[in-house]
Amino acid sequence: QVQLVESGGGLVQSGGSLRLSCAASGSIFISISTMGWYRQAPGKQRDLVATITSGGSTNYADSVKGRVTISRDNAKNTVYLQMNSLKPEDTAVYYCYAVHYDYWGQGTQVTVSS
């Protein structure tokens, strides 16, 4: 059974920090796949937050540039999203995506209060 399981979401005040985790299992191996974090607010489209390739190259949306860092730990088969200086507009469900497998996680809620 393939899985991408996100965790680490929750309620945080403006200016606070969170680290999201995406643990892959089954036949998904993050070492051979570009991995991404996306987010979706109620009534809005699902938008790219960040990606990381198997070689370690990263890409960030303009809205989060300088405030977030995507990373991976191949030994743990886990991808992370460190988020700092959070703003209320960061409130959304955050999803992990494995490009090579075209597979999505279930999402984790991030709520930033003002």
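What you are looking at is a predicted structure, and each value in this text was computed from that prediction instead of being measured.
Expressed to the nearest 0.5 Å, how far CZ of Arg67 lies from CG of Asn84 amounts to 9.0 Å. Note that the OG atom of Ser25 and the CD atom of Gln3 stand 4.0 Å from one another [nearest 0.5 Å]. Put simply, CE on Met35 and CD1 on Ile70 are 8.0 Å apart, with the number rounded to the nearest 0.5 Å. One finds the CD1 atom of Ile30 at 8.0 Å from the SG atom of Cys22 (value rounded to the nearest 0.5 Å).
Val93 and Val5 fall into different hydrophobic clusters, where Ile, Leu, Val, Met, Phe, Trp and Tyr side chains are chained together by heavy-atom contacts under 4.5 Å. Tracing side-chain contacts under 4.5 Å through hydrophobic residues (I, L, V, M, F, W, Y), one never reaches Leu20 starting from Leu11; they form parts of separate clusters. Cluster annotation: Leu86 is connected to Leu81 through the hydrophobic network of ILVMFWY side chains, with a link wherever side-chain heavy atoms come within less than 4.5 Å. Both Val2 and Phe29 are members of a single hydrophobic cluster when ILVMFWY side chains are connected at heavy-atom separations under 4.5 Å. Tyr94 and Tyr60 fall within a single hydrophobic cluster, where Ile, Leu, Val, Met, Phe, Trp and Tyr are joined by side-chain heavy atoms under 4.5 Å apart, directly or via other members.
Contacts of Asp73 classified as salt bridge (charged side-chain N to carboxylate O under 4.0 Å, His left out), with partners at least two apart in sequence or in another chain: Lys76.
In this structure, the side chain of Glu6 engages the main chain of Gly107 through a donor-acceptor pair within 3.5 Å. With hydrogens and angles disregarded, a donor-acceptor distance shorter than 3.5 Å links the side chain of Asp90 to the backbone of Lys87.
The side-chain heavy atoms of Leu48 and Asn59, taken from C-beta on, include a pair separated by under 4.5 Å. A heavy-atom distance below 4.5 Å is not found between the side chains of Val68 and Gln82.
The heavy-atom pair separating Ser85 from Ser17 by the smallest distance is N-OG, 4.3 Å. What you find for Ala98 and Ile28 is that their closest heavy atoms are CB-CG2, 4.3 Å. Contact detail for Thr91 and Ala41: the closest heavy-atom pair is O-CB, 3.8 Å. Here the closest non-hydrogen pair linking Ala92 and Arg39 is CB-CB, 3.8 Å. Considering every non-hydrogen atom in both Ser33 and Tyr101, the closest pair reads CB-CE1, 4.1 Å. Across all non-hydrogen atoms, the minimal contact from Thr78 to Ser21 is CG2-CB, 4.3 Å.
Checked against the 6.0 Å centroid criterion, the rings of Tyr97 and Trp37 do not qualify as a close aromatic pair.
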From CA spacing to verdict: side-chain contact (heavy atoms from CB on, under 4.5 Å), Ile52, Thr34: CA-CA 6 Å; Ile52 185 167; Thr34 295; over 6 Å; no
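Donor-acceptor pairing under 3.5 Å is lacking for the side chains of Arg46 and Tyr38.
A 6.0 Å sphere centred on CD of Gln13 holds no more than 12 heavy atoms belonging to other residues, nucleotides or ligands.
Exactly one residue among Val64, Val12, Val110, Val49 makes a side-chain contact (heavy atoms from CB on, under 4.5 Å) with Met83. That residue is Val110.
A cation-pi arrangement is not found for Arg72 relative to Tyr80, the charged atom failing to lie both closer than 6.0 Å to the ring centre and inside a 45° cone about the ring normal.
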